[in-house]
Protein chains: 2
Amino acid sequence: MNKPKAVVMMSGGMDSSVCAAIAQNEGYEVSALHVNYGQRTQERELRAFNEVTDYLGITRKMVVDIGYLTKIGGSSLTDTSIPISVANLENKEIPSSYVPFRNANILAIATSWAEVLGASALFIGAVEEDSSGYPDCRAVFFEAFEKMIAVGTKPETSIRIFTPLIHLSKKEIVLQGIKLNAPLHLTWSCYSSDEEACGVCDSCVLRLRGFAQAGVEDKIRYA
Amino acid sequence: MNKPKAVVMMSGGMDSSVCAAIAQNEGYEVSALHVNYGQRTQERELRAFNEVTDYLGITRKMVVDIGYLTKIGGSSLTDTSIPISVANLENKEIPSSYVPFRNANILAIATSWAEVLGASALFIGAVEEDSSGYPDCRAVFFEAFEKMIAVGTKPETSIRIFTPLIHLSKKEIVLQGIKLNAPLHLTWSCYSSDEEACGVCDSCVLRLRGFAQAGVEDKIRYA
């Protein structure tokens, strides 16, 4: 029997790597989509993507360049004139690392690919609660996107969006990753550095807190 | 008083050129977005885009390469192993020129740009009735996309999608273009050729029928 197909968006970070392991565990044949969007740690994330997909035995991969997001600007991740802010998890404002509408751009690519592959599912490792508060990481956004896919693709195309991490804490993601044997040690989360993780950006702080709360050692190198 | 800003998606074709003239006529300061997606007539369309925007006095332009749609394939416009079909306007099936989910990819880019520019409107020259029947050219698709933007961007961002041609016939588009002094003679519509328009692809046949019904001469060269 053929497995159902899924396109999984994989940055090379912890969340999307655990998400891919979940999709496999649910019986999907996974195709992995990675985007370079001109972010500072692009090379390091691509290496992590390749190492993680190899570890998980994912052979159908696509790497897409959407460097136009750098041209558009508006984010500290793609515009080096805007500093990467030090994490403040109490701050309820949208941080400068928000890349305008990035996830919609990535999901649109994934949907095009899924339609051609005949995949019935998109998986994205977005996290809503325990996160940086980006608008395009919320369940309400993914629900609206799924409705838009239903009316924007061929009548015979049926594609669902799955966000298995959306209501998990970082602690739960770490524990889930370990349970499913996802290669957390190969993943990369830091926004600002690509040799040793900085330990102070939003992404590092959320990751470190997750490992600490899970009582698990994070085996990547920190500065 | 500052004019409100709009991002207009402009392929260099007749419909989007008339759409840009409408946006200007409604008082918007227009920023023009053009995408290369590896289509056969990419160079010719880019030339038309530049000539049309210059004619209309649009100075803020962005050209984005989304050649990944070629890698994804699935369309005769981007995959030269699939022939461009000769038009059959009675055929109710989606033609091979459909590029999977192309308009969602373009709109996602436009929305990212609009959010950074502070634009409140996106204009796209999609035509529903008198068209090739692509799913992502229907009003129901644009309505769903607009809802998705509302929940996927910052709370202070407010972006509407306008599709002023959606219920027009090609004849009405030609007449509207002439009324607003849109440079129809600089536009390019043919899917398969970039020297003389082929006159037999879906796009040429729809265009020629529109000019004929409007009683207006089409001044571009046909084979």
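Proteins get letters first, then strands, A, B, ... in listed order; numbering begins at 1 in each.
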Spacing of [X] atom [atom1] and [Y] atom [atom2] [to the nearest 0.5 Å]:
X      : Y      : atom1 : atom2 : value
B/D65  : A/D65  : CG    : CG    : 8.5 Å
B/D136 : A/I149 : CG    : CD1   : 12.0 Å
B/M62  : A/I72  : CE    : CD1   : 4.0 Å

Requested in this report: State whether the side chain of B/K71 and the backbone N or O of A/V64 hold a donor-acceptor pair below 3.5 Å, judged by distance alone.
Outcome: no

Query raised in the report: Are the side chain of A/R138 and the backbone of B/V151 linked by a donor-acceptor contact shorter than 3.5 Å?
Result: yes

**Report entry** chain B contact via A/L117 - side chain, backbone, both or neither, heavy atoms under 4.5 Å
**Finding:** neither

Report summary line: Bottom line for A/L69: the part with an atom under 4.5 Å from chain B's heavy atoms is side chain

Report task. For A/Y68 and B/V35, run side chain to side chain contact (heavy atoms under 4.5 Å, CB included): C-alpha distance rounded to whole Å, both residues' side-chain angles, the deciding distance at 0.1 Å, then the answer. Result -> CA-CA 11 Å; A/Y68 56 78; B/V35 299; over 6 Å; no

**Report entry** Shortest non-hydrogen contact from A/S112 toward B/P100
**Finding:** OG-O, 2.7 Å

Query raised in the report: Which heavy-atom pair separates B/A144 from A/M148 by the least distance, and what is that distance?
Result: CB-CA, 3.7 Å

Requested in this report: Output the option from B/E143, B/K147, B/E115 having the highest count of non-hydrogen pairs under 4.5 Å with chain A.
Outcome: B/E115

Requested in this report: Count the heavy atoms belonging to other residues, nucleotides or ligands that lie under 6.0 Å from CZ of B/R47, then report whether that count exceeds 12.
Outcome: no

Query raised in the report: Mind checking which of residues 154-161 of chain A sit less than 4.5 Å from chain B, heavy atom to heavy atom?
Result: A/K154, A/P155

Report task. Can you spot which of B/I109, B/V116, B/T153, B/L107 makes a side chain to side chain contact (heavy atoms under 4.5 Å, CB included) with A/F101? Result -> B/T153

